[in-house]
*Asks:* 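Have a look at this one before I ask anything.
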Amino acid sequence: MSVLSMLLAAVLYALFAHLLPLEPLRATLAEAIHLKLLPPSAPKLLDYLPAVSVALFVLSLLTLLVSVALLKRKQWARIAFAWIMIATVLAHLAGVVLPFYLMHDFSAALNTMPHEIRSIAGSMMKMLSVMSMVMGVAFGVAFAWIARQMFSAEIAREFVSGNHPS
């Protein structure tokens, strides 16, 4: 999974930093904002995409290294992996709150949209927000459970020197 995540991050970086012409995309966003189809904060997200893809690559590489060390039953890797899971839980919790921030901006734009698309856009906004919150909570709970298991005495015993399977 870490290798797949690294490849995805590399493709995203190449796309947003080198392949995708951002100026036409910025112009399209500006027009959508002018037509009140997008909130004014939309272009800010575009500015952060290359940095986010680099961060994703680095975190995926770190997770890959820790995962390999887990297979070798390294004690430090068990603890590092648990903390990676805890950080991921926090990221998912932030993702649960993010729709409320974005919805606020989008709600203002929604009220100025033409009536024909207002109900569709509103329904889509609600559906995506609920889906994002449900997925964030589900993954947060799953990763919290994994972190707890990594700190359990039973798992810790598997990482004691000389106690790993042959």
Side-chain angles (χ1 to χ4, degrees), residues 1-70 77 79-114 116-147 150:
M1 292 301 288
S2 297
V3 171
L4 182 61
S5 182
M6 286 171 54
L7 290 173
L8 175 64
V11 168
L12 285 175
Y13 180 77
L15 180 67
F16 290 115
H18 302 293
L19 300 176
L20 187 67
L22 293 182
E23 289 315 310
L25 188 54
R26 286 184 204 286
T28 303
L29 285 175
E31 181 64 25
I33 291 166
H34 176 71
L35 294 172
K36 308 285 190 214
L37 297 173
L38 286 176
S41 62
K44 292 178 199 170
L45 297 174
L46 188 62
D47 294 336
Y48 295 117
L49 289 176
V52 168
S53 61
V54 169
L56 178 61
F57 184 86
V58 170
L59 292 172
S60 299
L61 177 61
L62 174 66
T63 303
L64 176 63
L65 296 173
V66 170
S67 298
V68 169
L70 269 178
I79 295 165
F81 192 78
W83 281 106
I84 289 171
M85 292 293 103
I86 291 168
T88 306
V89 168
L90 295 175
H92 281 290
L93 290 177
V96 167
V97 174
L98 189 62
F100 293 108
Y101 170 74
L102 294 176
M103 241 180 8
H104 174 69
D105 277 355
F106 193 70
S107 294
L110 186 65
N111 293 333
T112 60
M113 286 182 182
E116 307 82 55
I117 62 173
R118 187 180 308 160
S119 65
I120 294 169
S123 296
M124 192 168 103
M125 179 181 71
K126 288 176 187 169
M127 181 186 68
L128 289 173
S129 295
V130 168
M131 187 176 71
S132 142
M133 288 184 273
V134 167
M135 295 299 289
V137 169
F139 278 107
V141 167
F143 290 151
W145 180 81
I146 291 169
M150 295 306 285

*Asks:* What closest approach, in Å, do S60 and S2 show between heavy atoms, and which atom pair accounts for it?
*Replies:*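 Closest approach of S60 to S2: O-CB, 3.5 Å.
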*Asks:* Rounded to the nearest 0.5 Å, what separation is found between the CZ atom of F81 and the CG atom of L62?
*Replies:*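 Interatomic distance, F81 CZ to L62 CG, rounded to 0.5 Å: 10.5 Å.
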*Asks:* Y13 and side chain to side chain contact (heavy atoms under 4.5 Å, CB included): which partner among L49, V52, L8, V54?
*Replies:*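 Single side chain to side chain contact (heavy atoms under 4.5 Å, CB included) partner of Y13 among L49, V52, L8, V54: V54.
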*Asks:* Distance check, rounded to the nearest 0.5 Å: I79 atom CD1 versus L70 atom CG?
*Replies:*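 These two atoms lie 11.0 Å from each other.
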*Asks:* For the backbone of M1 and the side chain of S5, can you confirm whether one donor and one acceptor N or O come within less than 3.5 Å of each other?
*Replies:*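 Absent.
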*Asks:* With heavy-atom distances below 4.5 Å as the criterion, would you say the side chains of V137 and H92 are in contact?
*Replies:*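 The answer is no, as the side chains (C-beta and beyond) never meet within the 4.5 Å cut-off.
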*Asks:* Do you know the tightest heavy-atom contact between V89 and A144?
*Replies:*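 Heavy-atom minimum between the residues: CG2-N, 3.4 Å.
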*Asks:* Measure the OG1-CH2 distance between T88 and W83 for me, rounded to the nearest 0.5 Å.
*Replies:*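 Rounded to the nearest 0.5 Å, the OG1-CH2 separation comes out at 12.5 Å.
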*Asks:* Mind listing the closest non-hydrogen atom pair of A147 and I86 along with its distance?
*Replies:*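 Taking A147 first and I86 second, the nearest heavy atoms are CB-CG1, 3.8 Å.
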*Asks:* Is any side-chain heavy atom of F16 closer than 4.5 Å to one of S53?
*Replies:*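 No; the side chains remain at least 4.5 Å from each other.
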*Asks:* Answer yes or no: is there a donor N or O on one side and an acceptor on the other, between the side chain of S123 and the main chain of I120, under 3.5 Å?
*Replies:*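 Pair absent, no side-chain N/O of S123 close to backbone of I120.
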*Asks:* Measure the spacing between CG of L7 and CG of L12 and express it to the nearest 0.5 Å.
*Replies:*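 Going from CG on L7 over to CG on L12, the span is 11.0 Å.
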*Asks:* How about F143: does its CZ atom have over 12 heavy atoms from other parts shown lying under 6.0 Å from it?
*Replies:*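 For F143, atom CZ is crowded (more than 12 foreign heavy atoms under 6.0 Å).
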*Asks:* Would you call M85 and T63 a side-chain contact if the rule is heavy atoms closer than 4.5 Å?
*Replies:*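 Side chain of M85 against side chain of T63, heavy atoms only: no contact under 4.5 Å found.
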*Asks:* To the nearest 0.5 Å, how far apart are CG in L93 and CE in M133?
*Replies:*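 That separation rounds to 13.0 Å.
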